[in-house]
Amino acid sequence: MDVKEIRSLISQSKQNQLKTYEIGLILEPIEQIVGTVMDKVKGIITQYGGKVLNESELGRRTLAYPIRKNRKKYLEGIYKFIVFEGTYSTVENLDRLVRINENIIRHIILKIKHTN
């Protein structure tokens, strides 16, 4: 086994490790779509091998600055957060699919470090 193969195996094992992440979402300020969008996001997480650990929200808030997306200008948004366990593949697919969802104005995915 040469160095390239060893590096490839190490890289694959790191990508398959379960880690804890948090996704923050700003949704369109339409209360009727929130449940559907959140079900879609949680479905993506579980579809790609992740597990939802916690869900929270800040509710409807005024944005710090206007955001334009899909030819609309948003001044408010609904803030939602999901803590989940997943692999690199889970995060990669979640990021890709959330990015093309028209009802999600902005999102961010952060890795949570455990301090014990």
Side-chain angles (χ1 to χ4, degrees):
M1 190 177 282
D2 66 350
V3 174
K4 279 187 177 180
E5 290 177 32
I6 294 171
R7 285 185 180 157
S8 174
L9 288 173
I10 291 171
S11 174
Q12 285 177 354
S13 71
K14 283 184 178 179
Q15 289 182 359
N16 291 332
Q17 289 178 349
L18 280 177
K19 294 181 180 172
T20 306
Y21 298 92
E22 181 175 28
I23 182 168
L25 303 160
I26 303 176
L27 309 178
E28 283 185 311
I30 304 168
E31 302 290 338
Q32 293 83 5
I33 64 163
V34 173
T36 307
V37 173
M38 292 306 287
D39 288 344
K40 270 188 188 176
V41 172
K42 289 187 276 186
I44 294 167
I45 291 169
T46 55
Q47 179 182 355
Y48 290 98
K51 179 181 169 188
V52 175
L53 301 176
N54 190 9
E55 188 178 350
S56 61
E57 69 174 52
L58 286 178
R60 189 181 187 120
R61 300 280 173 135
T62 303
L63 301 174
Y65 55 90
I67 296 175
R68 293 183 186 274
K69 183 173 180 180
N70 300 328
R71 299 181 183 169
K72 294 179 186 174
K73 182 178 177 182
Y74 297 100
L75 301 174
E76 292 183 322
I78 297 173
Y79 287 71
K80 293 286 208 173
F81 302 93
I82 298 174
V83 177
F84 65 97
E85 278 184 342
T87 62
Y88 177 79
S89 170
T90 309
V91 173
E92 191 175 58
N93 287 304
L94 180 63
D95 185 50
R96 181 176 54 86
L97 294 171
V98 163
R99 191 178 304 265
I100 60 175
N101 188 315
E102 295 177 357
N103 301 119
I104 298 172
I105 300 170
R106 289 285 192 268
H107 77 281
I108 187 168
I109 301 173
L110 303 170
K111 186 167 74 176
I112 296 176
K113 287 187 175 182
H114 296 283
T115 55
N116 289 340

The salt bridge (charged side-chain N to carboxylate O under 4.0 Å, His left out) partners of E102 (sequence neighbours excluded) come to none
Inspect the surroundings of CZ in R68 and state if more than 12 heavy atoms from other residues, nucleotides or ligands are less than 6.0 Å away.
-> no
Between atom CG of N54 and atom CZ of F81, what is the distance when rounded to the nearest 0.5 Å?
-> 11.5 Å
Can you check whether I26 reaches I78 side chain to side chain, under 4.5 Å on heavy atoms?
-> no
E57 meets the salt bridge (charged side-chain N to carboxylate O under 4.0 Å, His left out) criterion, sequence neighbours left out, with K80
With a 3.5 Å cut-off and sequence neighbours excluded, list the donor-acceptor pairs that the side chains of residues 69-77 form with protein atoms.
| from | atom 1 | to | atom 2 | distance (Å) |
| --- | --- | --- | --- | --- |
| K69 | NZ | N101 | O | 3.2 |
| K69 | NZ | I104 | O | 2.5 |
| K72 | NZ | E28 | OE2 | 3.3 |
| Y74 | OH | E28 | OE2 | 2.4 |
| E76 | OE1 | R60 | NE | 2.9 |
| E76 | OE1 | R60 | NH2 | 3.0 |

Residues forming a salt bridge (charged side-chain N to carboxylate O under 4.0 Å, His left out) with E85, sequence neighbours excluded | none
Mind checking whether I105 and L25 sit in one hydrophobic cluster, side chains of I, L, V, M, F, W, Y counted as touching below 4.5 Å?
-> no
R99: what forms a side-chain hydrogen bond (donor to acceptor under 3.5 Å, both in side chains) with it, not counting sequence neighbours?
-> D95
Linked, directly or transitively: I82 and Y79 (ILVMFWY side chains, under 4.5 Å) | no
What salt bridge (Lys or Arg N to Asp or Glu O under 4.0 Å) pairs are there with at least one residue in residues 104-114, not counting sequence neighbours?
-> none
Quick one: list whatever passes side-chain hydrogen bond (donor to acceptor under 3.5 Å, both in side chains) with S89, sequence neighbours left out.
-> N93
Residues in side chain to side chain contact (heavy atoms under 4.5 Å, CB included) with Q17, at least two apart?
-> K19
Donor-acceptor contacts under 3.5 Å from residues 29-53 side chains, at least two apart:
| from | atom 1 | to | atom 2 | distance (Å) |
| --- | --- | --- | --- | --- |
| K42 | NZ | E55 | OE1 | 3.0 |
| T46 | OG1 | K42 | O | 3.2 |
| T46 | OG1 | G43 | O | 3.1 |

Should L58 and L63 be regarded as members of a common hydrophobic cluster, given that ILVMFWY residues are connected when their side-chain heavy atoms come within less than 4.5 Å of each other, either directly or indirectly?
-> yes
Please list all pairs passing the ring pair (Phe, Tyr, Trp, His ring centres under 6.0 Å) test where one or both residues lie in residues 4-34, with sequence neighbours left out.
-> Y21-F84
Connected to I108, directly or through other members, by ILVMFWY side-chain contacts below 4.5 Å are L110
Excluding sequence neighbours, so at least two apart, what forms salt bridge (charged side-chain N to carboxylate O under 4.0 Å, His left out) with R61?
-> none
